Structure formats: structure tokens, C-alpha cells
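Encoded as C-alpha cells, the structure appears first; notes follow it.
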Amino acid sequence: MDNTRINAIISEMTDDNRQRDLWRKVLAAVSAGEAATDNLMAALRALLEDLEEENVVAGIVKLSDELPSLPVTDLLQAAVKVLGQMRRENLTALNQLRQMLSELATPIIRIWQDILLVAMIGNIDNQRAQDIAEKLLHRVSSSRSKVVLVDVTGVSMIDTAVGEFLIEMFSAIKFLGTEVILTGIKPDVAHTLVKLGLNFRMVSIARDLEDALRQGIAITMEEKKRRKQLAVSLAGSEAGSEDANVEDY
């Protein structure tokens with residue numbers, strides 16, 4: 001390719017010196033043929049990171065009009081391949097960011113012995129609801145917690161979908177042998193729940209987080225008391241059995 005001619009064409013395409021350099025690198029890679037495939041992909045990527053897709057395509061079309069020998073089909077195919085790779089990378093980064101935001105927006109904290117606190121914040125869509133449920137159930141199972149406090153103070157709206165998700169999640173937690181205490185329901189949210197006919201009878205309701213913690217501690221203390229009584233009862237049964245065996249002798 002005639003460099004003077006190429007520079008003239010590129011100068012007509014843009015006034016930006018950086019973009020001119022990027023276009024020159026693309027054409028240099030094309031001129032080098034198949035051996036420069038990696039260089040071509042790198043040059044196209046740099047161009048696509050700097051320009052909109054439409055502008056890159058328009059530039060390739062312009063070059064093909066001015067330079068009939070340009071392998072425009074190969075160039076467009078390479079550009080599509082680079083775009084696909086960039087989109088896959090962006091999707092991966094976006095998913096990682098969503099996961100990070102989900103973890104930050106729904107912290108699960110061990111607030112007391114055998115008691116977990118889940119603080120829900122912001123809007124909850126189906127994907128986020130599923131992430132919260134999976135994360136919470138895994139944490140409850142691994143920690144063998146007796147009580148989970150669910151604080152929805154930071155949830156601006158609870159509609160039918162969110163309400164049904166909460167009911168489903170609470171039922172799953174109770175299947176693991178863990179009690180659930182729900183708190184932080186605002187007056188307007190409570191009114192909406194009544195209108196929607198959603199009922200959280202399977203869990204205890206607390207007026208605020210302090211009340212929820214108090215109820216949670218009471219449940220864990222009662223559980224410990226029952227265990228202690230059971231241990232004493234079992235010890236007494238074993239002692240009685242041994243005495244009976246001695247008398248038999």
C-alpha cells in the first residue's frame with residue numbers, strides 16, 4: 001500500500017492524531033498478511049476501545065472504497081471476533097461486579113452465639129433474591145445457627161415477587177431447624193403486604209432490631225436449657241441402669 005495515499009485517506013477520516021495512529025496500525029497489520037494476525041487483532045482491539053463500533057465499521061467501509069485491494073471481508077470478520085471477545089470479558093467483569101455488590105448489599109453477620117443477622121438493602125429482583133437465598137442457606141447450614149434475624153429496613157418496596165421469595169426462603173431456613181425473626185417492616189410496606197395477602201405466619205415478627213435480638217437470645221437460651229435438661233435426664237437414666245445391674249449381682 002502507498003503510505004502517502006493511506007495517510008491522506010486516514011487524514012480525511014479523522015482529525016484525532018491518536019485515532020490516525022490506530023488506523024495506521026490496523027492497515028500495517030493487514031498489509032503484513034496472515035503472519036500478523038495477532039497484531040491485527042491487537043490493533044483492532046485498541047481501535048474498538050477508542051471508537052464506537054459504528055465508527056469503526058464506517059471507517060473500514062471508507063477504506064474499502066478508497067483501497068479496492070483491502071481485504072474488507074477478512075477485516076470485518078476480525079473486528080467481529082474482537083468484539084465478541086471484548087463482550088465476553090465485559091460480561092464476566094459485570095457478573096463479578098454484581099456478585100460483589102450483592103455481597104456488600106446483603107451482609108450476613110454472626111451477631112450473637114448461634115444467631116445470624118441478614119440486613120437486606122435496596123431493590124430485590126429475581127436474580128438477587130436467588131443469590132441471597134443460596135448464600136443465606138449455605139451460611140445457616142455451615143454455621144448450624146439456631147436463629148436468623150432478617151432486617152428489611154433497607155428494602156424500599158416489598159411486592160408480590162419479593163414477598164413470595166421471602167416466604168420461600170423462610171420456609172427453607174426452618175427446614176434446616178433454624179428459627180427466623182423478621183424485623184424492619186415499615187408501615188407502608190406492612191400495608192402493602194396486607195393488601196397483597198402475603199402472610200409471614202411461619203416466622204416471628206419483631207418491632208425493631210433490638211427486639212429481634214432479644215427474642216433470638218431467648219430462643220437460644222431456651223434451646224440450651226432443653227439440652228441441659230436432656231443431658232441430666234440421660235445421665236440419670238444411665239446411673240439408674242448401673243444401680244439396677246449392681247443389685248442383680
Side-chain angles (χ1 to χ4, degrees), residues 102-122 124 128-156 158 161-194 196-249:
S102 175
E103 291 176 356
L104 290 174
T106 314
I108 300 176
I109 306 167
R110 183 175 179 270
I111 195 173
W112 199 269
Q113 185 176 6
D114 293 331
I115 300 177
L116 294 178
L117 169 64
V118 185
M120 296 186 179
I121 302 170
I124 300 176
R128 190 174 167 221
Q130 185 176 350
D131 293 342
I132 293 171
E134 290 177 358
K135 182 181 174 187
L136 180 57
L137 288 172
H138 176 73
R139 183 70 182 275
V140 169
S141 177
S142 61
S143 66
R144 302 174 67 83
S145 298
K146 302 302 177 189
V147 180
V148 174
L149 312 182
V150 179
D151 185 2
V152 295
T153 305
V155 178
S156 57
I158 296 181
V162 176
E164 290 177 347
F165 148 70
L166 290 175
I167 290 173
E168 185 177 330
M169 185 176 72
F170 295 160
S171 299
I173 293 172
K174 289 184 72 68
F175 268 122
L176 296 177
T178 301
E179 295 297 327
V180 179
I181 300 175
L182 179 64
T183 186
I185 299 179
K186 299 173 184 175
D188 54 338
V189 172
H191 184 62
T192 302
L193 293 177
V194 172
L196 294 174
L198 295 173
N199 198 317
F200 296 108
R201 277 182 293 185
M202 81 289 291
V203 302
S204 301
I205 306 294
R207 288 171 297 182
D208 52 35
L209 188 56
E210 182 179 350
D211 184 33
L213 180 58
R214 191 181 297 114
Q215 290 186 36
I217 292 174
I219 291 173
T220 57
M221 290 181 69
E222 183 64 24
E223 174 70 16
K224 287 180 180 176
K225 184 179 177 182
R226 282 200 298 267
R227 287 185 179 181
K228 187 175 180 180
Q229 289 175 342
L230 179 60
V232 171
S233 176
L234 290 173
S237 297
E238 290 178 357
S241 229
E242 289 177 359
D243 290 343
N245 291 335
V246 171
E247 289 177 0
D248 289 341
Y249 283 108

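Side-chain atoms are counted along with the backbone in the values below, which use heavy atoms only and exclude waters and symmetry mates. These figures come from a predicted structure and were not determined experimentally.
Using a 4.5 Å heavy-atom cutoff, the side chains of Glu134 and Gln130 are in contact. Put simply, the side chain of Leu213 reaches to within 4.5 Å of the side chain of Ile111, judged on heavy atoms. Between Arg226 and Glu222, some side-chain heavy-atom pair lies under the 4.5 Å cut-off.
Qualifying ring pair (Phe, Tyr, Trp, His ring centres under 6.0 Å) partners for Phe170, counting only residues two or more places apart in sequence or in other chains: Phe200.
Atom CD1 of Ile173 sits about 4.0 Å away from atom CG of Leu136, to the nearest 0.5 Å. Of the inter-residue distances, the one linking Asp151 atom CG with Ile185 atom CD1 reads 10.0 Å to the nearest 0.5 angstrom. For the atom pair CZ of Arg227 and CD of Glu223, the computed distance is 4.5 Å after rounding to the nearest 0.5 Å. Distance check: Lys228 NZ to Ser233 OG gives 14.0 Å after rounding to the nearest 0.5 Å.
In terms of heavy-atom proximity, Ile181 sits nearest to Gly216 at CD1-N, 3.5 Å. In this structure, Phe165 and Ala129 approach most closely via the heavy-atom pair CE1-O, 3.0 Å.
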**Message:** Does Val148 form a side-chain contact (heavy atoms from CB on, under 4.5 Å) with Met169? I'd like the steps, not just the answer.
**Reply:** CA-CA 11 Å; Val148 174; Met169 185 176 72; over 6 Å; no
**Intermediate values then yes/no, side-chain contact (heavy atoms from CB on, under 4.5 Å), Arg110 and Arg139** = CA-CA 10 Å; Arg110 183 175 179 270; Arg139 183 70 182 275; 4.2 Å; yes
**Message:** side-chain contact (heavy atoms from CB on, under 4.5 Å) for Leu149 and Thr183? Distances and angles first, verdict last.
**Reply:** CA-CA 7 Å; Leu149 312 182; Thr183 186; 5.6 Å; no
Extract all donor-acceptor atom pairs below 3.5 Å that involve side chains of residues 201-209 and protein atoms in other chains or at least two apart in sequence.
from, atom 1, to, atom 2, distance (Å)
Asp208, OD1, Glu210, N, 3.3
Asp208, OD1, Asp211, N, 2.8

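The backbone N or O of Ile217 sits less than 3.5 Å from a side-chain atom of Thr220, completing a donor-acceptor pair. Formation of a donor-acceptor pair under 3.5 Å by the Ser171 side chain with backbone atoms of Ile167 is found in this model.
For the side chain to side chain contact (heavy atoms under 4.5 Å, CB included) test with Val140, the passing option among Ile108, Val180, Val118, Leu116 is Leu116; the others fail.
Judged as a salt bridge (charged side-chain N to carboxylate O under 4.0 Å, His left out), the pairs with a partner in residues 176-192 (not counting sequence neighbours) are, in order, Lys174-Glu179.
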